[in-house]
Amino acid sequence: MPMDKYAVIGNPIAHSKSPFIHAAFAEQTGQSLSYTAELVEIGKVPEFIEQFRANGGRGLNVTVPFKLDAWQIAEQLSERAQRAGAVNTLSLNDKGIAGDTTDGVGLVNDLSHNHQLDLQNRNILILGAGGAVRGILEPLLNLSPAQLVIANRTVEKATQLADDFSDLGHITGCGFDDLAGEKFDLIINGTSASLSGELPPLPDNILQSSAACYDMMYGANDTVFMQWARQQGAKKVLDGLGMLVEQAAESFFIWRGVRPQTQSVIKLLRQQL
Ligand code: ATR
């Protein structure tokens, strides 16, 4: 029997770690499947999905810049994907194309399980108000923090985003200047500033003594945000490698109904950075 086929689509895609992660999950759980990285031309996502499905494809992960395309193409959306406005996991079956998003639950699992952070009644600050941040708000609000503050360079985007999720908990939007004098237990950097080595203009002294700082990016070296966090005396300084593996684990679970162990895979990836 041919192996069930899965892939990640993106543009660019060459450096994706998803094939490695899913191969490790498959081996660990004894699942027989193939998982490849596929470069898809901008504007060609519908055609690719159709062909992949016709060739026996069972599921796709979707990364930059196609998460909105996938959201539009999906014939059924999970509730969390509906709200996130993005899809990173497609299941292809007889009933059609189902879309889900696992980024937010991946972050929350990394924070809660891998780093043992209890966020109930805590003050959380999120930097950025783009697509990546929209995807993490619902699972974070489900942890019942005291408040969730979104700070963004373009203030209106932060206030709009807060409005969109205000039925789920105490959430507000503001600019970076408005943060002076506040104290947070957790700061999550969800801006794309780290990619260009830039740091959002944060005031000093906004960390509680036991605060954690989390950059959704990762790399061999600390991002500028992580360097800032260390200078400010953060108790824990974390990057997004665990989130990457956790979102993959959740996709794997959606497709295969089996939950893989993530710790060993995170460790292996860390060694390869
Ligand atoms: P993504 O899908 O990664 O979220 P995006 O939707 O383009 O990408 O959002 C990028 C986010 O990073 C935005 O919040 C952006 O701020 P603006 O809304 O004001 O553009 C933020 N960002 C990017 N570069 C930044 C920088 N140098 N300093 C602060 N914020 C930055």
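All heavy atoms count here, side chains included; hydrogens, waters and symmetry mates do not.
Within 6.0 Å of atom CD in E41, 12 or fewer heavy atoms from other residues, nucleotides or ligands are found, so the atom counts as exposed in its surroundings. In this structure, Q272 places its CD atom where more than 12 heavy-atom neighbours from other residues, nucleotides or ligands lie under 6.0 Å away. The neighbour count for Q261 CD, taken as heavy atoms of other residues, nucleotides or ligands under 6.0 Å away, does not exceed 12. Heavy-atom contacts from other residues, nucleotides or ligands closer than 6.0 Å to CD of E50 number 12 or fewer. Remark: K183 NZ is packed, more than 12 non-hydrogen atoms of other residues, nucleotides or ligands lying under 6.0 Å away.
Looking at E250 and R80, a side-chain N of the basic residue comes within less than 4.0 Å of a carboxylate O on the acidic one, giving a salt bridge.
In this view, K67 and D103 satisfy the salt bridge (charged side-chain N to carboxylate O under 4.0 Å, His left out) rule, not counting sequence neighbours. Qualifying ring pair (Phe, Tyr, Trp, His ring centres under 6.0 Å) partners for Y214, counting only residues two or more places apart in sequence or in other chains: none.
For the residue pair T29 / Q31, no side-chain donor-acceptor distance below 3.5 Å is found, with atom types taken as modelled. N189 and T223 form no side-chain donor-acceptor contact under 3.5 Å, judged by distance and modelled atom types alone. When only modelled atom types and interatomic distance are considered, Q263 and N114 share a side-chain donor-acceptor pair under 3.5 Å.
In this structure, I187 CD1 and N123 CG are separated by 10.5 Å, a value rounded to the nearest 0.5 Å. Separating the CG atom in L186 from the CG atom in D118 is a distance of 11.5 Å, to the nearest 0.5 Å. Atom CD1 of I21 is separated from atom OG of S16 by 7.0 Å, given to the nearest 0.5 angstrom.
With hydrophobic clusters built from ILVMFWY side chains whose heavy atoms lie under 4.5 angstrom apart, F165 shares a cluster with I150. Both I136 and L168 are part of a single hydrophobic cluster, where members link through side-chain heavy atoms under 4.5 Å apart. Hydrophobic clustering, with ILVMFWY side chains joined whenever heavy atoms are under 4.5 angstrom apart, groups M216 together with I171.
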Scan the side chains in residues 51-62 for donor-acceptor partners under 3.5 Å anywhere in the protein, sequence neighbours excluded, and list what turns up.
from	atom 1	to	atom 2	distance (Å)
R53	NH2	N93	O	2.8
N55	ND2	Q51	O	3.3
R58	NH1	D4	OD1	3.2
R58	NH1	D4	OD2	2.9
N61	OD1	H22	NE2	3.3
N61	OD1	Y35	OH	2.6
N61	ND2	N88	O	3.0
N61	ND2	S251	OG	3.1

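Although no hydrogens or angles enter the test, the distance criterion places no donor-acceptor pair under 3.5 Å between the side chain of E138 and the main chain of G135.
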